[in-house]
Protein chains: 2
Amino acid sequence: MDSFGQDSEISKATVARLPAYLRFLKEVASRGSWYVSSAAIAEALGVSAVGVRKDLAFVSSQAGKPKRGFEVNTLISDIEKFLGYDERTAVVVVGAGRLGKAILLYEGFEHFRIDVVAAFDISPEKIGAVGGKPIYPLERLGEIVRRHSVKAGILTVPRESAQRACDAMVEAGIRAILNFAPASLTVPEGVSVRYEDLAASLAMLFGSVPDKNQG
Amino acid sequence: MDSFGQDSEISKATVARLPAYLRFLKEVASRGSWYVSSAAIAEALGVSAVGVRKDLAFVSSQAGKPKRGFEVNTLISDIEKFLGYDERTAVVVVGAGRLGKAILLYEGFEHFRIDVVAAFDISPEKIGAVGGKPIYPLERLGEIVRRHSVKAGILTVPRESAQRACDAMVEAGIRAILNFAPASLTVPEGVSVRYEDLAASLAMLFGSVPDKNQG
DNA sequence: GCTGTATTGATAAATTTTTATCAATTCAAT
DNA sequence: ATTGAATTGATAAAAATTTATCAATACAGC
């Protein structure tokens with residue numbers, strides 16, 4: 001099917017745009033609007049209105065009303081549900097350097113029902129706590145991951161130790177890794193890695209690739 | 001043209017994969033290999049070998065050799081050149097909270113010839129310096145941006161002040177913004193925004209979207 | 001020097017994704 | 001109630017992207 005129904009599988013491109021929709025819709029909601037048109041969303045995000053309608057049809061059964069558009073709050077909750085923001089997710093941080101500590105202190109996660117349960121580091125002087133979150137030695141990773149059923153981890157170690165830390169995470173049972181180290185990681189089948197490369201992100205901003213819509 | 005020559009315009013999708021190639025190629029180089037095959041790259045990154053060859057043909061004029069593959073170091077320098085890593089880029093950080101400070105201390109940028117020239121904050125008690133980088137009051141943004149010909153900025157203020165800070169950056173002459181605030185920004189034509197939404201990134205990791213290849 | 005094989009680069013096909021068009025619908029205004 | 005305008009959802013067309021196939025090539029081993 002290639003219509004607005006959600007018959008076919010949702011596309012990766014659509015999923016990648018959902019967080020942008022969500023951000024914008026919350027902005028709209030906070031300004032007090034009850035309805036929003038696909039054209040308004042498209043305008044703000046720099047994409048086409050038809051594309052917006054198709055994307056929304058995938059994740060929401062709400063039919064838009066002619067002359068009004070879509071109910072903002074319904075869209076928000078449908079997207080959040082689709083993205084899994086309606087369930088709590090436990091994550092760990094591996095690497096308690098500057099960036100790792102910043103993440104421990106980041107308040108933004110609570111908003112998305114993400115619990116950072118602990119951080120881990122290899123060097124003894126980092127052990128302790130930051131922002132009320134404990135920092136354990138790396139040896140305890142498996143124990144904590146099992147205890148909290150952690151499925152995802154944020155990797156913030158230096159480049160040199162990235163693969164070793166990654167291996168430890170996989171070994172501990174983590175299935176999804178958000179990697180801030182500028183290193184290429186090798187993982188077994190079934191483990192996902194997402195790279196957050198600040199320098200690369202910056203570089204791509206200039207490459208005349210103005211994509212306001214990625215996640 | 002739809003062949004391996006670089007006649008047609010490079011695709012956005014290809015550009016998005018280049019940083020991943022670069023990471024992997026550096027990994028390969030550091031292991032001492034002189035040649036690498038498209039199949040090896042494809043395997044490591046979870047994409048198709050034909051796609052890898054097409055992508056590489058866009059940014060490198062190097063012909064791969066049958067039975068050997070591509071010269072790793074040539075590929076690296078070609079990709080770096082294409083992505084602009086061979087020229088220095090000055091950036092500023094707006095928002096000197098935990099994350100902003102972590103970015104000031106991040107060493108990874110030097111590797112990509114990115115100079116973080118200064119940070120800015122609205123609250124007087126943040127003024128000073130971190131990691132040898134000055135933190136100025138926001139009022140001086142325009143002055144510093146002009147003096148260093150800064151074209152890009154990293155936004156690390158809280159959600160509530162994101163749009164205001166963004167406006168100040170645009171006003172100061174910044175044309176590309178890497179936004180860490182979980183807020184939807186409105187910018188004039190010609191200004192690019194890239195969103196780095198930690199929570200969204202984490203959420204997408206679970207959505208059975210194992211894309212190891214994005215930037 | 002031959003032979004076999006891995007690997008490339010091209011062409012072509014298939015698939016996915018985006019964009020265009022338009023009748024149908026609902027609200028607002030008269 | 002009727003009219004007009006905005007907006008949707010569907011279908012169709014176009015464009016972009018990925019995947020498949022294969023002859024040509026250069027190296028490795030004999």
Side-chain angles (χ1 to χ4, degrees), chain A residues 1-18 20-21 28 33-72 74-75 78 209-214, chain B residues 1-18 20-21 28 33-72 74-75 78 209-214:
Chain A
M1 248 283 192
D2 100 293
S3 75
F4 278 67
Q6 62 275 62
D7 305 23
S8 58
E9 207 56 36
I10 192 163
S11 87
K12 190 169 148 177
T14 293
V15 175
R17 278 187 296 265
L18 292 178
Y21 292 149
V28 169
S33 300
W34 285 86
Y35 285 88
V36 67
S37 72
S38 60
I41 299 173
E43 161 76 16
L45 273 61
V47 298
S48 88
V50 175
V52 170
R53 293 203 291 276
K54 282 202 171 180
D55 287 344
L56 295 182
F58 266 114
V59 297
S60 177
S61 54
Q62 178 197 187
K65 287 188 188 169
K67 197 86 183 209
R68 286 218 157 162
F70 299 86
E71 264 185 49
V72 177
T74 308
L75 284 186
D78 284 348
V209 185
D211 56 338
K212 296 198 289 181
N213 43 300
Q214 43 66 47
Chain B
M1 246 289 191
D2 99 292
S3 76
F4 278 67
Q6 61 276 61
D7 306 22
S8 58
E9 208 55 38
I10 192 165
S11 88
K12 191 169 148 176
T14 293
V15 175
R17 278 186 296 264
L18 292 178
Y21 292 148
V28 169
S33 301
W34 284 85
Y35 285 88
V36 68
S37 74
S38 60
I41 299 173
E43 161 75 16
L45 272 61
V47 298
S48 88
V50 176
V52 170
R53 293 204 291 279
K54 283 201 170 181
D55 287 345
L56 294 181
F58 266 114
V59 297
S60 177
S61 54
Q62 179 197 185
K65 287 187 187 172
K67 199 87 184 198
R68 288 217 155 163
F70 299 85
E71 264 185 49
V72 177
T74 307
L75 284 185
D78 284 348
V209 184
D211 55 339
K212 294 198 291 181
N213 44 300
Q214 42 65 44

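Note that this is a predicted model, so its numbers are computed, not measured. Hydrogens, waters and symmetry mates play no part in the numbers below; they use all other heavy atoms, side chains included.
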Integer-rounded Å distance: [N] [atom2] and [X] [atom1]:
X	N	atom1	atom2	result
B:Y35	D:dA28	OH	C1'	15 Å
A:I10	C:dT15	CD1	P	21 Å
B:K12	D:dT18	NZ	P	12 Å
A:F58	C:dT18	CZ	P	10 Å
B:D55	D:dA16	CG	P	16 Å
B:F70	C:dA6	CZ	P	17 Å
B:R53	D:dC22	CZ	C1'	11 Å
A:L56	D:dT8	CG	C1'	12 Å

Contacts of A:T74 that satisfy side-chain hydrogen bond (donor to acceptor under 3.5 Å, both in side chains) - sequence neighbours left out: A:E71
Under 4.0 Å: is that the gap between some side-chain N or O of [X] and OP1 or OP2 of [N]?
X	N	value
A:S11	C:dT16	no
B:S38	C:dT7	no
B:S48	D:dT19	yes
A:T14	C:dT17	no

Heavy-atom check, side chain of B:Y21 versus side chain of B:D55, under 4.5 Å: yes
Side chains of B:L45 and B:V52 in contact at under 4.5 Å (non-hydrogen atoms): no
Show the nearest heavy-atom pair for residues [X] and [Y], with the distance to one decimal.
X	Y	result
B:K65	B:Y35	NZ-OH, 3.7 Å
B:A49	B:S38	O-CB, 3.8 Å
A:V36	A:A40	CG2-CB, 4.0 Å
B:D78	B:S61	OD2-N, 4.1 Å

Candidates D:dT8, C:dT11, C:dT18 - which lies nearest the side chain of A:K54: C:dT18
From D:dG9, C:dG9, D:dT18, nucleotide with atom closest to A:A63 side chain: D:dG9
Within the sub-3.5 Å range, which N or O atoms of nucleotides 25-30 of chain C have a protein N or O partner, and how far apart are they?
from: C:dA28; atom 1: OP1; to: A:R68; atom 2: NH2; distance (Å): 3.4

Helix axis bend for the helix from C:dG1-D:dC30 to C:dT30-D:dA1 - C1'-based end axes, five pairs, 10° rounding: 30°
Reported NZ-to-OG distance for the pair A:K67 and A:S37, which is rounded to 0.5 angstrom: 12.5 Å
